[in-house]
Amino acid sequence: MTQDATRVSVPVSGSPLTSRLRRIGWAPTLGLLAGAVYCLIPVVWVLVAATKSSAQLFTSFTLFPGTGLLSNLHDLSAYRNGEFWTWMLNSAFYAGVGALLSAGVSGVTGYALAKYRFAGRNAIFNTLLAGVLMPPVVLAIPQYLLMAKAGLADTYWSVLIPSILSPYGIYLARIYAAGAIPDELLEASRIDGASEWRTFRSVALPMMMPGLVTVFLFQFVAIWNNFLLPFIMLGDDSKFPVTVGLFTLLKQGAAAPALYTLVITGSLISVLPLIALFLSLQRYWRLDLLSGAVKS
Amino acid sequence: MLSMHRRIALGLTAAGVATALLAGCSSSGSTSSAGASTQATASGPVKLTYWAWAPGLDQVVAIWNKSHPNIQVTVEKQASGDDLLTKVITAAKAGGAPDLVQAEYQALPTLVSNNVLADISKQDGSASGKFAAGIWKQVTLGSNAVYAIPQDSGPLMFFYRKDLFAKYGLTVPTTWDQFAADAAKLHAADPKKSLTTFSSNDAGLFAGLAQQAGASWWTTSGDTWKVAINDAATQKVASFWGNLVKNGTIDNQPMYTPAWSKALADGSQLAWVSAVWAPGVLSSSAPATKGKWAMAPLPQWSAGENVTGSWGGSSTAVTNNSKHQDAAAQFALWLNTDPTAVAALVKDSYVYPAASDAQTGGALATAPDFFSNQPDFYTSAAKIAATTAPAAWGPNVNVAYSAFKDAFGKAAQNKSDFVAALNTMNQATLADMQKQGFKVAG
């Protein structure tokens, strides 16, 4: 999957602009444009709605910006003494640390599964594949009961620990290690006298980096957007991530007004770190082209 | 990458240490709480956690914490609704429920049948006189036990745009027949406007309307339940609204959506059958219409009657998991009956208090800001609240409510038979109770 994504971005060198223009297929282009519009309209809506004051939100034209962005930001920051920013920090902690640990575990496990032959290797891999098919939502309540038994419910650990082991991440890392690391390179390293750990650290790991960055990104987004796990695990609202926190603003009981403007502004802010992360980590994907050039 | 390895190792060690620490904490907690009721022990004040969703509760609890240094309460703010119910039940099974929870009246039987709530009749049983009998019955479930202290109530009322009613020559309906006539008259005058909407995403309102008509959805005799969601009274309500939707004289879109807020704000819907807390919702959904609304009693089934139902309303309950039930019960009673506390609840948490004294007291002396044109708002509200018909909830209200959403959602969109949808809802509820192992008659 990663390899496909990187190969697509290979520039078609030497082909003049005119010949490329002639090869435009209108049907797929229009199809993709329609898809892009479909995906972007909700983003535009959030962007526009975040600028509206509560008086403008339901009365002014949908795609016409309002004048309330600054006061919305101010109200959001003032809500319960800046609770929103605590939630953002919590999200950053869960997603950052969780994704980092997850990428590490996936890297080690994927490498071992791809490059070593040992008894039970296929059994482990098949179990992991089954884990990929299992939606994490199903596991949230059993995980809560386990955490409660261990006395860890309603702690930071209760959200962090289940995020570390990602079957999908291990699967990706295994596929990537199998494809990107030539066996000859590992043999050469062993012949030179490197230990297994050093072979992994100095030879294999740098070649796996683009794959691990992908795992990191996937996990980061998955943890950042996760709702059910923290919702079940946490009772203390000062430990909530931003997803669960904003939900409490929306559902304050029938008697109290829902804080629509704050929720919309909060949603907009909570997407920004994801966008920034994607833009800043893109360059690691290009690295793949260089490391791939060694063989062949 | 040695650092990565080291980090993982550190993380795992830290997790182990944390487990040990936590285990240590909880065991020392249980020993110190053995004799703790209202007095602090050597280890410091009794600490209570309270899951609730009403806004501004922190401020109310701060008043308690200041005057009760030995019992310190922490509010952990949650999202309201059925999801919270699931969360509380799951937490209670694992022994991790908080000391106190905010619970809607219709959720109490579910919580009691899952063994989540403690019986606090010993501590707070004498409080019954402070509440209307109908409300108190909802927290006792008709038994000698007391499972919660009532916090707020939501008697149903009729809210309408005074200016637009005058413009279209509509009379404020006192009966449901007049209500239907108004809807038809308005629709004939301007087909783009409608009197109100039938919302299939709010089973609570429908339950309140059925309650007004005299329905009793769940009843018990001994340990046997009887489910009668499709009784004659509810059928009357369902076919009344079904006909209005079928004729197209009212709208069939759900409430609490952006489109609905827009309809209220721009006057394409002229009225809302809602509860006493409606001003708060209107002020956020249609802020520009301030001062243009008025409140009247709910229309009646026959002229001269004087009955209403309720929508919403919640209570403060103590859990079986709590190690400080006496202290928790003391706090729950204070929160919902102490004049200072109730005044703060009204001001900070948008609560319409359940305690009878509070409904005519100082905190409700002036009308809500959004209805400043109707200075006697709360005086009339208290009179209406006194006419609330008793409610009868069962142990799977959440199942009945989601069956309502499904069946009436389809019926409202297709403008098809509402009584058939009601039968579906009844059947789904009955089947779920049998599946859960309740003894059900009929």
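Please read all numbers here as calculations on a predicted model, not as lab measurements. Residue numbering restarts at 1 for every chain, and letters A, B, ... go by the order of the sequence lines.
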Asks: Give a yes or no answer on whether the side chain of B/Gln78 reaches the backbone of A/Gly235 with a donor-acceptor pair at less than 3.5 Å.
Replies: yes
Asks: Of the backbone (N, CA, C, O) and the side chain (C-beta and beyond), which part of A/Tyr144 lies under 4.5 Å from a heavy atom of chain B, both, or neither?
Replies: side chain
Asks: Starting at CD1 of A/Ile141, measure out to OG1 of B/Thr90 and round the result to the nearest 0.5 Å.
Replies: 4.5 Å
Asks: Between B/Lys87 and A/Phe231 (side chain of the first, backbone of the second, donor and acceptor by atom type, cut-off under 3.5 Å), is there such a pair?
Replies: yes
Asks: Testing the basics here: between A/Leu145 and B/Ala94, what is the closest heavy-atom pair and its distance to 0.1 Å?
Replies: CD2-CB, 3.8 Å
Asks: Does A/Arg190, at its CZ atom, have more than 12 non-hydrogen atoms belonging to other residues, nucleotides or ligands within less than 6.0 Å?
Replies: yes
Asks: With only heavy atoms counted, which part of A/Ile164 is less than 4.5 Å from chain B, the side chain, the backbone, both or neither?
Replies: neither
Asks: Return the minimal non-hydrogen interatomic distance between A/Tyr260 and B/Tyr256, and the atom names on each side.
Replies: OH-O, 3.6 Å
Asks: Evaluate the criterion side chain to side chain contact (heavy atoms under 4.5 Å, CB included) for residue pair B/Lys77 and A/Gln252; output intermediate values, then yes/no.
Replies: CA-CA 9 Å; B/Lys77 193 167 186 284; A/Gln252 304 208 85; 3.1 Å; yes
Asks: What distance do A/Asp154 atom CG and B/Glu76 atom CD have between them, rounded to the nearest 0.5 Å?
Replies: 6.0 Å
Asks: Less than 4.5 Å to any heavy atom of chain A: does that hold for the side chain of B/Asp83, its backbone, both, or neither?
Replies: both
Asks: Just how far is it from atom CG of A/Asp236 to atom OG1 of B/Thr74, taken to the nearest 0.5 Å?
Replies: 8.0 Å
Asks: Which pair of non-hydrogen atoms, one from B/Val75 and one from A/Asp237, has the smallest distance, and what is that distance?
Replies: O-OD1, 3.9 Å
Asks: At what distance, to the nearest 0.5 angstrom, does CG of B/Leu84 lie from NZ of A/Lys251?
Replies: 9.5 Å
Asks: Please classify the contact between A/Tyr156 and chain B as side chain, backbone, both or neither, with a heavy-atom cut-off of under 4.5 Å.
Replies: neither
Asks: For atom CZ of A/Phe64, is the number of surrounding heavy atoms from other residues, nucleotides or ligands below 6.0 Å larger than 12?
Replies: no
Asks: Which one wins on heavy-atom pair count under 4.5 Å against chain A: B/Ala275, B/Ala91, B/Gly96?
Replies: B/Ala91
Asks: Relative to chain A, which of B/Gly56, B/Pro258, B/Ala265 shows the most heavy atom pairs under 4.5 Å?
Replies: B/Pro258
